Amino acid sequence: MKSNQSLGGLRSFTKRSEFSVLIGLVAIFVIMSFASPFFLKLNNLMNVLQQISRYGIISVGMALVMITGGIDLSVGYIVALCACMSAHLTTNVGMAWPAVLVIVLALGALIGLVNGLLVTRVKLWPFIVTLATSKIVSGCVLLLTSGMPIHIESPLCVLGSGYVGPVPVAVIMMFLIIIAGTIFASMTQVGRNIYAIGNNERAAALSGIRVENTKALVYVICGTLCAFCGIVVAGNLHSADASLGAGYETDVIAAVVIGGVSMNGGEGSIWGTLIGAMIIGILKNAFILLRVSSYWQSVVIGVVIIAAVTIDRIRTIRKAK
């Protein structure tokens with residue numbers, strides 16, 4: 001009986017979208033291990049994971065937003081603002097690190113709340129709301145920094161530049177957030193409500209789910225994780241400026257979509273976004289190790305996103321039949 005259940009679980013897993021993505025990750029990993037003698041070196045692998053952690057953390061929040069059928073284009077700019085705010089409060093104001101941590105996380109949550117309220121209460125399109133928010137936040141970063149970098153030395157820097165043995169603290173934090181996000185999405189009532197809203201918002205509302213509050217919550221979570229990522233990035237560089245976070249929204253959306261989250265909402269997993277983030281990180285590392293022009297990075301990432309969205313669309317059409 002147990003063997004039959006195990007086989008049934010295995011068959012169910014192989015039918016999931018994350019399984020094909022996992023196969024793709026393994027294939028890329030094997031190819032790179034032969035293509036470059038430096039790829040499997042511990043320092044390189046830890047460096048890849050450190051780079052992945054920057055958008056792997058945000059991917060958890062973005063996945064929750066996209067599962068509800070929304071999107072957040074302001075994530076990179078929130079990272080930049082929160083990184084610069086942590087540096088400003090530490091260096092220019094002289095504030096203690098616990099207060100800096102609370103204020104910066106609250107700032108990210110506040111921006112997420114504004115996004116969520118505009119989407120749920122004012123009924124604006126998430127794309128337009130977060131696009132506008134990104135412009136506002138970008139201007140706030142420039143006003144805060146006057147376009148100049150701010151140096152930072154703080155115990156908070158350990159989140160970005162610290163190590164536990166050979167493993168960066170940022171990588172450990174990413175895995176903890178992925179685990180917490182997976183538990184939240186799959187094992188709590190709120191998490192199940194998020195999927196229900198993405199599948200059919202009207203039906204979710206009729207079943208008693210507080211749709212507006214739940215949708216606002218996912219934007220708050222996303223904003224908070226962006227703030228935490230900003231602290232990590234600033235700690236890693238021991239500096240913050242307005243250019244931090246540039247292009248993060250592309251990498252994060254790519255990781256989430258590649259990881260199996262449907263653009264139509266209601267489908268996908270948090271741990272799948274980690275696989276997507278790893279694919280993006282390894283591809284970027286491959287360009288460096290193989291000495292391919294960085295100009296090709298945008299081309300390849302764009303092609304990968306189109307391929308992932310196309311596969312998602314085909315899968316959605318087949319399910320509808």
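From a predicted model like this one, the values you see are computed outputs, not experimental measurements.
Between the side chain of Asp241 and the backbone N or O of Pro149 there is no donor-acceptor pair closer than 3.5 Å. Judged purely by atom type and a 3.5 angstrom limit, Asn44 uses its side chain to pair as donor or acceptor with the backbone of Phe39. The backbone N or O of Thr90 lies less than 3.5 Å from no partner atom in the side chain of Glu153, so there is not a single donor-acceptor pair. Side-chain atoms of Thr188 come within 3.5 Å of backbone atoms of Gly191 as a donor-acceptor pair (strictly under, hydrogens ignored). Side chain of Asn199 to main chain of Tyr195: a donor-acceptor pair is present (N/O by atom type, distance under 3.5 Å, no hydrogens or angles). Listed for the Ser53 side chain is a donor-acceptor partner under 3.5 Å among the backbone atoms of Gln50. Proximity of a side-chain donor or acceptor of His151 to a complementary backbone N or O of His238 within less than 3.5 Å is detected. In this structure, Ser36 contributes its side chain and Phe38 its backbone to a donor-acceptor pair below 3.5 Å.
With Val171 as reference, Leu49 is the one residue of Leu49, Val164, Ile52 to meet the side-chain contact (heavy atoms from CB on, under 4.5 Å) rule. Considering Thr91, Ile231, Val100, Leu89 in turn, Thr91 is the only one that fulfils the side-chain contact (heavy atoms from CB on, under 4.5 Å) rule with Ile152.
Side-chain atoms of Val232 and Met174, non-hydrogen and from C-beta on, never get closer than 4.5 Å to each other. Looking at heavy atoms from C-beta onward, Thr145 lies out of side-chain contact with His88 at the 4.5 angstrom threshold. Residues Thr130 and Val65 fail the side-chain proximity criterion, which asks for heavy atoms closer than 4.5 Å. Between Val300 and Phe287, the closest side-chain pair of non-hydrogen atoms falls below 4.5 Å. Ser74 places none of its side-chain heavy atoms less than 4.5 Å from the side chain of Val137.
Smallest separation of non-hydrogen atoms from Pro155 and Trp97: CG-CD1, 3.6 Å. Of all heavy-atom pairs between Leu159 and Phe228, the closest is CD1-CE1, 3.9 Å. The heavy-atom pair separating Ile178 from Ile270 by the smallest distance is O-CG2, 3.8 Å. Closest of all the heavy-atom pairs between Tyr219 and Pro126 is OH-CB, 3.3 Å. Between Ala277 and Tyr55, the shortest heavy-atom contact is O-CE1, 3.8 Å. Contact record, Val75 with Met62: CG1-CE, 3.9 Å, taken as the closest heavy-atom pair.
Rounded to the nearest 0.5 angstrom, Leu217 CG and Leu64 CG are separated by 8.5 Å. To the nearest 0.5 angstrom, Leu244 atom CG is 11.5 Å from Cys82 atom SG. Distance check, rounded to the nearest 0.5 Å: CG of Leu105 to SG of Cys226 gives 11.5 Å. A distance of 10.0 Å separates CG in Asn115 from CG in Leu110, rounded to the nearest 0.5 Å. Atoms CG and CE, on Leu22 and Met278 in that order, are 10.0 Å from each other to the nearest 0.5 Å. Distance NZ/Lys135 to OH/Tyr77: 5.0 Å, rounded to 0.5 Å.
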Exercise for the section: Starting from the C-alpha separation in whole Å, work towards a yes-or-no answer on side chain to side chain contact (heavy atoms under 4.5 Å, CB included) for Trp271 and Ile275. Expected result: CA-CA 7 Å; Trp271 67 267; Ile275 301 174; 3.2 Å; yes

Practice task
For the pair Lys215 and Ile197, evaluate side chain to side chain contact (heavy atoms under 4.5 Å, CB included) and give the outcome as yes or no after the intermediate values.
Solution key: CA-CA 8 Å; Lys215 290 178 71 174; Ile197 291 169; 4.1 Å; yes

Practice task
Please report the C-alpha distance between Ile58 and Leu225 in whole Å, then the side-chain angles of each, then the deciding distance to 0.1 Å, and finally whether the side chain to side chain contact (heavy atoms under 4.5 Å, CB included) criterion is met.
Solution key: CA-CA 6 Å; Ile58 311 173; Leu225 291 177; 5.5 Å; no

Practice task
Take Met148 and Ile150 through the side chain to side chain contact (heavy atoms under 4.5 Å, CB included) test and state the conclusion after the steps.
Solution key: CA-CA 7 Å; Met148 301 296 292; Ile150 305 175; over 6 Å; no

Practice task
Would you please test Arg54 and Asp251 for salt bridge (charged side-chain N to carboxylate O under 4.0 Å, His left out) and show each step?
Solution key: CA-CA 10 Å; Arg54 297 183 178 185; Asp251 290 335; over 6 Å; no

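No more than 12 heavy atoms of other residues, nucleotides or ligands lie within 6.0 Å of CZ in Arg202, so this atom counts as exposed by the packing criterion. Atom CE of Met263 has 12 or fewer neighbouring heavy atoms from other residues, nucleotides or ligands inside a 6.0 Å radius. More than 12 heavy atoms of other residues, nucleotides or ligands lie within 6.0 Å of CZ in Arg192, so this atom counts as buried by the packing criterion.
No donor-acceptor contact under 3.5 angstrom links the side chains of Asn193 and Thr214, judged on distance only.
The hydrophobic cluster containing Val104 does not contain Ile136, counting ILVMFWY residues as joined when their side-chain heavy atoms lie under 4.5 angstrom apart, directly or transitively.
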